[in-house]
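In this text, all values refer to a predicted model and were calculated from it rather than measured experimentally. Lettering of chains follows the sequences in order, A, B, ..., and the numbering in each one begins at 1.
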Amino acid sequence: MTNQSNDGLNDQNEATKIRSEKLQKIRQLGIDPWGMRFDNHQKVEKVLTLPSIPFDDNPTENVRIAGRIVLRRVMGKVHFLHLWDHTGRIQVMIGQKQIGELGWKLAELLDLGDQIGIEGVFGKTKTGEPTVKVLQLTFLGKSLEPHPEKFHGMSDMEYRLRHRYLDLIYTPETLERSKQRIVILRTIREYLEKQDFFEVETPIFHAIPGGAAARPFITQHNALDIQLYLRIALELHLKRLLVGGLERVFEIGRVFRNEGIDQKHNPEFTMLELYQAYGDYRSMMDLTEGLILSCIDKLGGGYLRPWGSKQVDFTPPWKREKYADLFLQYVGVALTDQNAVVQQAQKHHIPIENKEHDVLVHELFERCVEHHLEGPIFVCDYPAALCPLTKRKWDNPAIAERFELYIHGMELANAYTELNDPDTQAETFRRQLTGLPEEESMAKMDQEFITALRHGMPPAGGLGIGIDRLVMLLTNTQSIRDVILFPLLRPEQNNH
RNA sequence: GAGCUGGUAGCUCAGUCGGUAGAGCAACAGACUUUUAAUCUGUGGGUCGUGGGUUCGAUUCCCACCCGGCUCACCA
């Protein structure tokens, strides 16, 4: 008790103080309260598949489990615990008789949230509950803080996000979603590697933030004394790798966009971008479909998937519609009809001053068409002015070979036949799209990138998929904060 | 950025038409060798988000601020 303050730096309340005192008592038993190596333990999920026969019939199945105490019922000389690991929870029985004197002293000091290792016999209690009767108890780690309530768990969103480690333990959906995200990422890598794609890593610091239309985060390198930007896309470096002959490359990486936060947007998010030499945007459509379907197959649950109160039917083949046709259908005029487009824009209260025709067209598209796109639907052939990195149709320079995949109004994937003509690329970089603030234009001159193209980039298809949104759609999660383990939150301060 | 809404014990919540607060679980002490959110008896625990104002008195009313949630606007 003399050096109690060493373990109780943050004792603000009774509960934490008592836990610190228990930690000392565990030390006094000659046990390290922070545990040690505990090999060869079995996962709870696996133990629960073993045959469980009543303890009266002397079961012989020996098991060894490590986990966290999430429930504790003390019945005098026998304690029932629920031990949790990420595969499930299992009932554990500690009896004074079987456990020995030291073990019993330790058992009486256990708290909810502590981590223990157990070794014992797996069987069934009189009430039929699969249970491990503990013969050997190992202490693996103290929780100095009380854990959430055993029945209601955690319900406050802010509390869950700021204590994600607890959320994973006490909100099963959070754990399940996190595992599904892992499955999706693994499946994507397997799928692409099977098709001879190389996974590569490109810089996060960019001298010129290119490849997308977004406001960047700005940072500083001291030794070089230069301003740098966190990347807003992966595109320009991956294309350099095509010049370098890598043919099929992909990167799954974090990109950063200095914009608002809402249910569909986190300032840092995970993008998959891939480039395939000698392909085009049609190859990307097939690949997108195959990639997402393989994820669905791996997750299980079939092609008809819930989305809130609605459903998405992923059964292939997915619809493919032309941008111009959808525009005509939902806006009611041809997108080439300049006067009619201006009229429609006025009708929908879209400010028109100084905007290029194609910018107006797209604003109308977003206003009038997107919410109809329940999808999955590939919207193909965009107005060229909107796509400075995309190859134009051979016979129609007004149209870019690009598609976006929409599902329930969300843009999930974006793909091009990549522009590999350096002169046209330089031209589109030079030409500022009017009507858009500079930071919203994709057209930022990157001379080094142009130089790379001048050395000859093969014709190629390129694809970008927002991984967070894909996970949302496949796991029926309405908020991006629930598919990202640690979404950005304002730091907690002591008020102002 | 705008509108609406919330912040009370470790967790989940109730409440105070202004008189400094309650419950369940968790904790502590005790009973209990087969419980299932165990039960029973007793006990402790709160700067009611922060700051200011009004008031004899504020957790409650007013103002500002901090941190969330939802809706909208912008971006994937």
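Projected onto RNA chain B by closest heavy-atom contact, G466(A) and L161(A) fall at different nucleotides, the more 5' of which corresponds to L161(A). Both G260(A) and K22(A) lie close to RNA chain B; mapped to their nearest nucleotides by heavy-atom distance, the more 5′-ward contact belongs to K22(A).
rC62(B) and rG22(B) have their C1' atoms separated by 27 Å, given to the nearest Å. For rU50(B) and rA58(B), the C1' atoms lie 15 Å apart once the distance is rounded to whole Å. On the C1' atoms, rC56(B) is 12 Å away from rG18(B), given to the nearest whole Å. A gap of 26 Å separates the C1' atoms of rA23(B) and rC32(B), to the nearest Å. Taking atom P in both rA9(B) and rG46(B), one finds a spacing of 11 Å when rounded to whole Å. To the nearest whole angstrom, the two C1' atoms, one in rG7(B) and one in rU47(B), are 15 Å apart. With C1' as the reference atom, rG49(B) and rG68(B) are 11 Å apart, rounded to whole Å. Using atom P as the reference point in both rC66(B) and rG51(B), the two lie 15 Å apart (nearest Å).
With sequence neighbours excluded, no residue forms a ring pair (Phe, Tyr, Trp, His ring centres under 6.0 Å) with F269(A).
In this structure, Y159(A) reaches the sugar-phosphate backbone alone: every heavy-atom distance under 4.0 Å involves primed, P, OP1 or OP2 atoms, never a base. Among the protein residues, N266(A) comes within range of the nucleic acid bases, having at least one heavy atom under 4.0 Å from a base atom. Residue-level contact check: L489(A) touches the backbone only, with heavy atoms under 4.0 Å from sugar-phosphate atoms and none from bases. Residue contacts for M157(A): at a heavy-atom cut-off of 4.0 Å it reaches the sugar-phosphate backbone alone, with no base atom in range. Residue V74(A) is classed as a base contact, given a heavy-atom separation below 4.0 Å to a base. Note on G464(A): nothing from the nucleic acid sits closer than 4.0 angstrom, heavy atoms only. Contacts of E129(A) with the nucleic acid, taken as non-hydrogen atoms under 4.0 Å apart, include base atoms.
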The dot-bracket string of RNA chain B, counting Watson-Crick and G-U wobble pairs with both distances under 3.5 Å, using [ ] for crossing pairs and | for pairs to another strand, is (((((((..((((.....[..)))).(((((.......))))).....(((((..]....))))))))))))....
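Between S155(A) and rC11(B) there is no side-chain N or O to OP1 or OP2 distance below 4.0 Å. Distances shown here put a side-chain N or O of Q263(A) below 4.0 Å from the OP1 or OP2 atom of rU71(B). Within the structure, a side-chain polar atom (N or O) of K150(A) is placed less than 4.0 Å from OP1 or OP2 of rA38(B). Contact annotation: R162(A) reaches the phosphate of rG68(B) (side-chain N/O to OP1 or OP2, under 4.0 Å). Contact between the side-chain N/O atoms of R490(A) and the OP1/OP2 oxygens of rG69(B) is not found at any separation under 4.0 Å. Between rG69(B) and R481(A), a contact under 4.0 Å exists linking OP1 or OP2 to a side-chain N or O.
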Tabulated below should be each protein N or O lying under 3.5 Å from an N or O of nucleotides 43-47 of chain B; please produce it.
residue, atom, partner, partner atom, Å
rG44(B), N2, E14(A), OE1, 2.7
rG44(B), N3, E14(A), OE1, 3.2

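Defined by atom type and a distance below 3.5 Å, a donor-acceptor pair is missing between the side-chain atoms of D482(A) and T477(A). Side-chain atoms of N414(A) and R402(A) include a donor-acceptor pair closer than 3.5 Å. Between the side chains of T202(A) and E251(A), at least one donor N or O sits under 3.5 Å from an acceptor N or O. E370(A) and Y406(A) share a side-chain donor-acceptor pair at under 3.5 Å. Looking only at atom types and distance, the side chain of D280(A) has a donor-acceptor partner in the side chain of S283(A) under 3.5 Å away. Under 3.5 Å, the side chains of E45(A) and T87(A) contain no donor-acceptor pair of N or O atoms.
Judged by atom type and distance alone, D262(A) reaches the base of rC74(B) through a side-chain donor-acceptor pair under 3.5 Å. Applying the 3.5 Å distance criterion, the base of rU35(B) shares a donor-acceptor pair with the side chain of T125(A). A donor-acceptor contact under 3.5 Å is not formed by the side chain of H152(A) with the base of rC11(B).
When rounded to the nearest whole Å, the span between CD of E149(A) and P of rA9(B) equals 14 Å. A straight line from OH of Y165(A) to C1' of rC11(B) spans 13 Å, rounded to a whole angstrom. Rounded to whole Å, the distance from CD on E370(A) to P on rC75(B) is 9 Å. Residue L166(A) contributes atom CG, which lies 17 Å from atom P of rA26(B) at whole-angstrom precision. I350(A) has its CD1 atom 12 Å from the P atom of rA73(B), to the nearest Å. Per the geometry, CE belonging to M154(A) stands 14 Å off C1' belonging to rG68(B), to the nearest Å. To the nearest angstrom, P of rU39(B) lies 11 Å from CG of L71(A). Rounded to an integer number of Å, the gap from E158(A) CD to rC11(B) C1' is 15 Å.
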Apply ring-ring contact (aromatic ring centres under 6.0 Å, His included) to F365(A) and Y323(A), showing your working. CA-CA 9 Å; F365(A) 186 89; Y323(A) 186 98; 4.2 Å; yes
Apply salt bridge (Lys or Arg N to Asp or Glu O under 4.0 Å) to K239(A) and E418(A), showing your working. CA-CA 9 Å; K239(A) 283 180 172 172; E418(A) 299 299 338; 2.7 Å; yes
Could you walk me through whether E173(A) and R177(A) pass the salt bridge (Lys or Arg N to Asp or Glu O under 4.0 Å) check? CA-CA 6 Å; E173(A) 300 78 37; R177(A) 266 195 293 267; 5.8 Å; no
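In terms of modelled atom types and a separation under 3.5 Å, the side chain of D358(A) and the main chain of V361(A) share no donor-acceptor contact.
In summary, of the residues considered (K133(A), M93(A), R73(A), Q96(A)), a side-chain contact (heavy atoms from CB on, under 4.5 Å) with V78(A) occurs for M93(A) alone.
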Which pairs of donor and acceptor atoms, one on a side chain in residues 372-385 of chain A, lie under 3.5 Å apart (sequence neighbours left out)?
residue, atom, partner, partner atom, Å
H372(A), NE2, C368(A), O, 3.4
D381(A), OD1, Y281(A), OH, 2.5

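Counting only residues at least two apart or on different chains, the ring pair (Phe, Tyr, Trp, His ring centres under 6.0 Å) pairs with a member in residues 95-131 of chain A are H79(A)-W104(A).
Residues W34(A) and K142(A) form a side-chain contact, since some pair of their non-hydrogen atoms from C-beta on lies under 4.5 Å apart.
Of the residues in residues 84-111 of chain A, Q91(A), M93(A), K97(A) come within less than 4.0 Å of RNA chain B through at least one heavy atom, sorted by number.
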